[in-house]
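Residues take their numbers from the sequence shown, with the count starting at 1. In listed order, ligands and their atoms are each counted from 1. Predicted, not measured: the structure shown is a model, and the values here were computed from it.
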Amino acid sequence: MRVLVLGGDGYLGWPTALHLSDSGHETAVLDNFARRGYDRELGVQSLVPIEDLDTRIAAWEEISGQHIAAYVGDLLDADFVYRVLREFQPEAIVHFAEQRAAPYSMIDRQHAVYTQQNNVVGTLNLMYAMAEIDPSIHLVKLGTMGEYGTPNIDIEEGWLEVEHNGRKDRMLYPKKPGSFYHLSKVHDSHNLEFGCRVWGLRVTDLNQGVVYGQQTPQTARDSRLATRLDYDAVFGTVLNRFVIQAVLGEPLTVYGAGGQTRGLLDIRDTVECIRLAVESPADAGEFRVFNQMTESYSVSQIAEKVAEAFPGPVQVDHLDNPRVEQAEHYYNVKHTGLVGLGLQPHLLSETLIESLIDIVAANKDRVDVDALLPTVRWQGGLKTT
Ligand code: NAD
Ligand code: USQ
């Protein structure tokens with residue numbers, strides 16, 4: 001199949017492109033390198049050194065014999081998006097190309113507006129290009145488990161059967177997201193469901209949990225194929241950060257009491273879920289939703305797991321939570337769709353944490369420890385006079 005990976009230079013997009021290419025798909029990537037720009041803006045870098053896109057692609061061709069085409073440009077440039085779709089003629093598009101850090105979106109008004117404009121308008125440009133050029137293209141769109149928030153009822157896979165005043169309907173599951181970033185994904189989901197209903201688009205919305213890990217079978221084949229690993233308090237995600245903090249001998253930064261619970265998955269499952277979704281397309285007009293997570297843990301449990309796997313002392317600090325989120329809550333998520341397509345999850349293990357410890361230890365000199373502590377507060381981005 002011809003598959004175009006949007007955001008193919010990012011943490012997940014690059015290993016996904018390799019996995020698809022390795023699985024026999026004719027693969028292309030598109031990226032505007034915004035993520036490398038946020039590093040410069042924040043004065044941080046990936047913990048693991050990463051090559052530029054041309055070098056990565058040349059290394060993959062040398063190692064696998066497979067070519068990956070590259071399109072450098074911005075989804076906000078509609079002419080560019082239309083040109084790429086006409087030229088590459090994808091049968092499936094995997095869309096990772098959004099600003100994805102909740103704290104980045106909460107820095108201030110400018111960052112909130114940038115995040116929603118980049119994410120919502122980029123996806124709208126893509127929807128129009130698909131509808132006008134080839135509505136049979138299957139879009140696999142990365143959403144997030146945080147779209148649902150932490151409601152006091154079971155979380156279904158995207159849809160909810162509702163009975164109200166004696167009448168019934170199937171509605172999009174109600175959303176209670178926790179940042180302007182997570183909200184941008186909710187807006188995308190609504191726009192995409194509308195595009196399916198009105199233009200007959202075919203879309204799979206993958207509500208993915210927090211991803212951990214840094215290696216896939218393909219990226220491990222050569223250091224030039226490595227994907228990024230973020231450690232800073234803006235882009236670093238919880239489990240990856242805890243492992244990095246343990247290796248550096250810094251306290252694990254549990255926000256609040258640590259009772260907040262999230263769905264998680266291994267990066268090897270991310271790339272496999274995408275392959276499964278691509279190879280089993282949604283029907284024309286179908287807005288199909290999968291909850292892409294394999295297990296859930298509270299933040300305190302994640303800290304405990306890292307401390308157990310680390311072969312040395314680990315200190316856990318409970319910081320004042322910089323975010324506004326529920327400290328304790330019910331969390332029961334249905335996630336059977338991808339297992340139904342054949343996913344065999346890699347559950348969180350000591351072996352995985354140990355292999356991440358080795359990767360971090362080899363690169364720990366690249367860390368700026370000042371970037372570990374959170375500086376963005378959910379209620380701090382308002383400028384009062
Ligand atoms: P990332 O920031 O590493 O990658 C995103 C890529 O998209 C970057 O390379 C960036 O340059 C590119 N991009 C952003 N805006 C663009 C635009 N307008 N035009 C072209 N390219 C653009 O993020 P990631 O961690 O790989 O996440 C990928 C996707 O998966 C995101 O949509 C994110 O919301 C979702 N997701 C990530 C996680 C996680 O834990 N990392 C969990 C759930 C969902
Ligand atoms: N947390 C800590 N200490 C830390 C970092 C985080 O206690 O040092 C807590 C947060 O308060 C939060 C939880 O851990 O309760 C998860 O935070 P995170 O930064 O790991 O994840 P989040 O902000 O939700 O965002 C990440 C990705 C995002 C993706 C999302 C999936 O950056 O792109 O959409 O995970 S989900 O959480 O399911 O929405």
Side-chain angles (χ1 to χ4, degrees), residues 5-16 29-39 46 53 71-77 80-81 94-106 114-115 117-119 121-123 125-126 141-150 177-179 181-182 184-185 188 206-212 227-228 230-242 244-245 252-265 267 270 274 291-293 296 298-300 302-303 317-319 321-327 333 372-374 378:
V5 180
L6 312 179
D9 187 50
Y11 169 52
L12 303 177
W14 172 243
T16 299
V29 293
L30 176 155
D31 209 291
N32 68 349
F33 306 135
R35 180 67 193 84
R36 294 177 187 252
Y38 312 142
D39 275 352
S46 163
L53 184 59
Y71 294 95
V72 176
D74 194 329
L75 289 185
L76 297 194
D77 176 353
F80 167 72
V81 177
V94 183
H95 181 11
F96 288 103
E98 298 201 329
Q99 190 301 98
R100 68 103 174 132
Y104 188 88
S105 75
M106 299 301 293
Y114 164 77
T115 299
Q117 190 165 10
N118 186 62
N119 297 0
V121 176
T123 299
N125 283 340
L126 178 67
K141 164 72 170 54
L142 272 291
T144 179
M145 283 303 299
E147 290 185 40
Y148 301 112
T150 52
S179 74
Y181 152 69
H182 288 97
S184 73
K185 296 284 190 184
D188 283 343
L206 296 175
N207 286 331
Q208 184 171 237
V210 187
V211 180
Y212 57 83
T227 195
R228 57 179 307 123
D230 297 308
Y231 68 89
D232 62 282
V234 175
F235 275 90
T237 50
V238 62
L239 195 148
N240 289 345
R241 265 167 66 73
F242 286 178
I244 293 162
Q245 289 163 340
L252 312 196
T253 52
V254 171
Y255 298 163
Q260 60 277 48
T261 299
R262 296 292 180 267
L264 286 98
L265 76 163
I267 190 169
T270 293
I274 304 288
N291 292 339
Q292 186 167 312
M293 52 164 281
S296 46
S298 72
V299 167
S300 285
I302 298 170
D317 274 6
H318 289 267
L319 307 185
N321 196 336
R323 307 185 181 199
V324 176
E325 56 188 1
Q326 276 184 286
V333 181
L372 286 171
L373 285 177
W378 261 222

Looking only at protein heavy atoms, which one is nearest to [atom], and what is the separation?
atom	answer
atom 36 (N) of ligand 1	Q208 NE2, 3.4 Å
atom 8 (O) of ligand 2	T253 OG1, 2.8 Å
atom 31 (C) of ligand 1	F96 O, 3.4 Å
atom 9 (C) of ligand 2	V299 CG2, 3.8 Å
atom 25 (O) of ligand 1	R100 NE, 2.8 Å
atom 17 (C) of ligand 1	N32 ND2, 3.4 Å
atom 32 (O) of ligand 1	K185 NZ, 2.7 Å
atom 3 (O) of ligand 1	Y11 N, 2.9 Å
atom 19 (N) of ligand 1	L75 N, 3.0 Å
atom 39 (C) of ligand 1	V211 CG2, 3.8 Å

Less than 4.5 Å apart, any side-chain heavy atom of [X] and any of [Y]?
X	Y	value
D31	Y71	no
N291	Y148	yes
T253	Q245	yes

Contact between ligand 1 and [X] is defined here as a heavy atom of the residue under 4.0 Å from a ligand atom; is it met?
X	value
G37	no
G146	no
G73	yes
Y181	yes

Taking distance alone, with no angle check, do [X] and ligand 2 share an N/O pair under 3.5 Å?
X	answer
R241	yes
G146	yes
H182	yes
A101	no

Checking [X] side chain against [Y] main chain: does a donor-acceptor pair fall under 3.5 Å?
X	Y	result
D232	V234	yes
R35	G10	no
H182	S184	no
R100	F235	yes

Suppose I only count heavy atoms of [X] and a 4.0 Å limit; which atoms of ligand 2 are within that range?
X	value
A102	23 (O)
T237	20 (O), 26 (C), 27 (C), 32 (O)
G209	31 (C), 38 (O)
E325	10 (C), 11 (O), 12 (C), 15 (O)
M145	38 (O), 39 (O)

Sub-4.0 Å heavy-atom contact, Y181 with ligand 2
yes
Out of curiosity, is Q208 lining ligand 2, as in a heavy atom under 4.0 Å away?
yes
So if I count the atoms of ligand 1 from 1 in the order they appear, which ones are less than 4.0 Å from some heavy atom of [X]?
X	value
G143	44 (C)
A34	11 (O)
G7	6 (C), 7 (O), 12 (C)
F33	11 (O)
D74	17 (C), 18 (N), 19 (N)

For [atom], state which one of [options] supplies the nearest heavy atom.
atom	options	result
atom 1 (N) of ligand 2	Y255, F242, F96	Y255
atom 19 (O) of ligand 2	R100, Q260, R262, R323	R323
atom 31 (C) of ligand 2	L265, T144, V333	T144
atom 12 (C) of ligand 1	N125, D31, D9	D31

Looking at every non-hydrogen atom in both residues, tell me the closest pair between [X] and [Y] and how far apart they are.
X	Y	result
V81	N125	CG1-O, 4.4 Å
P322	P374	CG-CB, 3.9 Å
W378	G178	NE1-O, 2.7 Å

Run the salt bridge (charged side-chain N to carboxylate O under 4.0 Å, His left out) check on R228 and D39 step by step: do they pass?
CA-CA 11 Å; R228 57 179 307 123; D39 275 352; 2.9 Å; yes
Step by step, would you call T270 with L265 a side chain to side chain contact (heavy atoms under 4.5 Å, CB included)?
CA-CA 7 Å; T270 293; L265 76 163; 3.7 Å; yes
Can you find an N/O atom of L142 closer than 3.5 Å to an N/O atom of ligand 1?
no
Answer side chain, backbone, both or neither: which part of N118 comes under 4.0 Å from ligand 1, heavy atoms only.
side chain
Under 4.0 Å from ligand 1, counting heavy atoms only, is it the side chain of M145, its backbone, both or neither?
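Under 4.0 Å from ligand 1, M145 contributes no heavy atoms.
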Testing the 3.5 Å rule here: is there a donor-acceptor pair between the side chains of [X] and [Y]?
X	Y	answer
Q208	T144	no
N240	Y231	no
Q260	T150	no

How far apart are the C-alpha atoms of D230 and Y11, what are their side-chain angles, what is the distance that settles it, and do they pass the side chain to side chain donor-acceptor pair (under 3.5 Å) test?
CA-CA 9 Å; D230 297 308; Y11 169 52; over 6 Å; no
Take Q99 and S105 through the side chain to side chain donor-acceptor pair (under 3.5 Å) test and state the conclusion after the steps.
CA-CA 8 Å; Q99 190 301 98; S105 75; 5.0 Å; no
In a check of side-chain contact (heavy atoms from CB on, under 4.5 Å) between L30 and each of V5, L75, V72, which one passes?
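The option that passes is L75.
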With side-chain hydrogen bond (donor to acceptor under 3.5 Å, both in side chains) as the test, pick out the partner of N321 among R323, H318, E325.
E325
Worked verdict on I302 versus V254 for side chain to side chain contact (heavy atoms under 4.5 Å, CB included)
CA-CA 9 Å; I302 298 170; V254 171; over 6 Å; no
Aromatic ring centroids of Y181 and Y104 under 6.0 Å?
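Not under 6.0 Å, so no.
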